[in-house]
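For reference, the structure discussed in these notes is given below.
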Amino acid sequence: MKNKKFAFKGISYQTEIRISIITGVIIICLFPVFFMVLKNYGEYFLAKTLAFAGVTIGLSFLILRILMKFIKNKDWEVEIFNDQLTIKHGKDNWKIPLKDLKMIKNTGQTNFRYLTFITNNEKIKIRVGHGGFTPFSTEQDVEEIDKLFKYLLPYIKQHFNKKQVDAKMEDRKFPHFGEYVVKTEPIKYSLIDKMSPKMITIGTIILLFIFIVLVGSVVEAYIKYKSFGKLIWKDLSFAFVLPFLLGAFLVYGVWVYFLTRKKKFR
């Protein structure tokens, strides 16, 4: 392959995990304040939950953008030369012969990309995006990483097989979305690979509500115990709905299992 260099801004997987944990800790620490402000926001569970979720999501957006201003190591440089991939990010420097690549993952959504190069010894995860939960870069950086993948595509098509996914899932993504496995290795499909967009969306919504109810129940129980010196479970507006949500998730799991267990890809 001809010599080609690409440069863009983004973060590593490790940095993404760190800022996610920091954001989560800050949000959890603020939950008592949220609850005190929103406890009289309507008398119904749904009104409180939606208000709780809205404040949580809005503050998460804000905190992530503030944290990204403190991340100095955002420059990535990828060079292809003599069938070798050279990747630089801060003090890290990888030199990977293309023949050593076992898998390449190009996943994400329209406004962010998760590009991963995997060998027997290395797993390099690049995160580029300009969305609400992925304020790592700019739209131009996303376009640049797309150019990088497009440049590698002829080599990938020659030496890799692409994992098949639900057709509706692929239509919702972006060009060349997918996971590519070197032809000398067998392709293995996980449960997520077999799920449709509808299944993933429903599961995400149920899990989000379970998380909000769990945290809301703990905060509400703590505040009421501190205020009255005792805890009466029937007075907790969040906790009563938890068994129903867990039951819904169990039914969802059974539904997904029976619809995907016989689903096979060639």
Side-chain angles (χ1 to χ4, degrees), residues 1-20 64 68 71-165 169-183 185 187-190 192-193 200:
M1 300 180 70
K2 292 182 179 179
N3 184 24
K4 190 76 173 179
K5 186 182 291 186
F6 300 87
F8 46 85
K9 292 188 180 296
I11 61 174
S12 65
Y13 172 73
Q14 291 79 6
T15 301
E16 182 185 34
I17 292 297
R18 284 197 292 269
I19 63 175
S20 298
L64 282 170
M68 284 307 302
I71 305 296
K72 297 180 180 179
N73 185 18
K74 293 194 291 184
D75 293 320
W76 286 86
E77 186 178 288
V78 181
E79 184 177 9
I80 302 99
F81 181 67
N82 285 341
D83 290 333
Q84 178 174 274
L85 203 62
T86 300
I87 303 174
K88 297 178 181 179
H89 177 58
K91 296 180 180 179
D92 296 318
N93 192 342
W94 299 271
K95 293 183 182 295
I96 304 172
L98 292 177
K99 62 181 179 61
D100 288 349
L101 289 171
K102 299 299 181 183
M103 181 182 291
I104 301 173
K105 296 182 180 182
N106 188 36
T107 58
Q109 289 287 351
T110 54
N111 58 4
F112 69 90
R113 303 288 186 270
Y114 286 175
L115 181 59
T116 306
F117 296 102
I118 300 173
T119 70
N120 285 331
N121 303 313
E122 299 281 0
K123 185 178 288 188
I124 304 164
K125 299 180 178 181
I126 304 171
R127 304 306 195 229
V128 175
H130 60 93
F133 283 111
T134 56
F136 316 138
S137 328
T138 65
E139 186 176 353
Q140 288 71 33
D141 294 312
V142 173
E143 292 173 356
E144 185 71 4
I145 203 169
D146 283 344
K147 291 177 183 177
L148 163 62
F149 192 85
K150 188 176 181 180
Y151 185 79
L152 289 170
L153 199 57
Y155 180 88
I156 292 172
K157 287 183 176 180
Q158 183 178 355
H159 296 92
F160 289 74
N161 290 319
K162 184 179 180 181
K163 268 190 176 184
Q164 297 183 38
V165 295
M169 178 72 75
E170 192 156 10
D171 289 343
R172 293 177 60 182
K173 306 298 180 179
F174 50 87
H176 316 307
F177 168 91
E179 298 182 12
Y180 300 80
V181 181
V182 69
K183 290 183 177 180
E185 298 287 335
I187 296 179
K188 298 178 181 179
Y189 290 94
S190 66
I192 295 293
D193 294 325
I200 294 175

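Basis for what follows: all heavy atoms, side chains included, without hydrogens, waters or symmetry-related copies. Note that the structure is predicted; figures quoted are calculated from it, not measured.
- Side-chain contact check for M68 versus I11: some heavy-atom pair is nearer than 4.5 Å.
- Remark: side-chain polar atoms of S137 are paired, donor with acceptor, to backbone N or O of G129 under 3.5 angstrom.
- Judged as a ring-ring contact (aromatic ring centres under 6.0 Å, His included), the pairs with a partner in residues 123-148 (not counting sequence neighbours) are, in order, F61-F133.
- Counting heavy-atom neighbours within 6.0 Å of K125 NZ, excluding the residue itself, gives a total above 12.
- The only member of I96, V78, T116, L115 that meets side-chain contact (heavy atoms from CB on, under 4.5 Å) when paired with I124 is I96.
- For the atom pair I126 CD1 and L148 CG, the distance stands at 7.0 Å (nearest 0.5 Å).
- For the residue pair V128 and F8, the shortest heavy atom distance occurs at CG2-CD1, 3.8 Å.
- Judged as a salt bridge (charged side-chain N to carboxylate O under 4.0 Å, His left out), and not counting sequence neighbours, the contacts of K9 are D75.
- Checked against side chain to side chain contact (heavy atoms under 4.5 Å, CB included), N161 has the following partners two or more places apart in sequence or in another chain: K183, I187.
- By the side chain to side chain contact (heavy atoms under 4.5 Å, CB included) test, H159 pairs with Y155, sequence neighbours left out.
- Residues forming a side chain to side chain contact (heavy atoms under 4.5 Å, CB included) with I17 (at least two apart in sequence, or on another chain): Y13, I21.
- Judged as a ring-ring contact (aromatic ring centres under 6.0 Å, His included), the pairs with a partner in residues 94-126 (not counting sequence neighbours) are, in order, F112-Y114.
- Using modelled atom types, one side-chain atom of K163 and one backbone atom of K188 make a donor-acceptor pair closer than 3.5 Å.
- Note that the CD atom of E179 and the CE atom of M103 stand 6.0 Å from one another [nearest 0.5 Å].
- Put simply, CG on N3 and CG on N82 are 8.0 Å apart, with the number rounded to the nearest 0.5 Å.
- For residues 107-119, every residue pair satisfying the salt bridge (charged side-chain N to carboxylate O under 4.0 Å, His left out) rule, not counting sequence neighbours, is listed here: R113-D146.
- From R127, atom CZ reaches atom CG of D141 across 15.5 Å, with rounding to the nearest 0.5 Å.
- Distance check, rounded to the nearest 0.5 Å: CG of L152 to CG of L98 gives 7.0 Å.
- Legend: salt bridge (charged side-chain N to carboxylate O under 4.0 Å, His left out) pairs involving residues 147-156, not counting sequence neighbours: none detected.
- K102 pairs by the side chain to side chain contact (heavy atoms under 4.5 Å, CB included) definition with N120, V182, E185, not counting sequence neighbours.
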Checklist entry - Do N106 and F174 pass the side chain to side chain contact (heavy atoms under 4.5 Å, CB included) test, and can you show the C-alpha distance, the side-chain angles, and the key distance before you say yes or no? => result CA-CA 10 Å; N106 188 36; F174 50 87; 3.5 Å; yes

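- Every residue was checked against the side chain to side chain donor-acceptor pair (under 3.5 Å) condition with T107, not counting sequence neighbours, and none meets it.
- Listed by chain and number, the residues in a side chain to side chain donor-acceptor pair (under 3.5 Å) with T15 are S12, R18 (sequence neighbours excluded).
- Taking all atoms of both residues into account, the shortest heavy-atom contact from L64 to G132 is CD1-O, 4.1 Å.
- The minimum heavy-atom distance linking I19 with E16 is given by the pair CG1-O, 3.3 Å.
- Annotation: the span from F6 atom CZ to I145 atom CD1 amounts to 10.5 Å, rounded to 0.5 Å.
- Heavy-atom minimum distance, I80 versus Y151: CD1-CD2, 4.0 Å.
- Using cut-offs of 30° and 60° on the angle between ring planes, the pair Y180 and F149 is tilted.
- Scanning for salt bridge (charged side-chain N to carboxylate O under 4.0 Å, His left out) contacts around E144 gives an empty result, with sequence neighbours left out.
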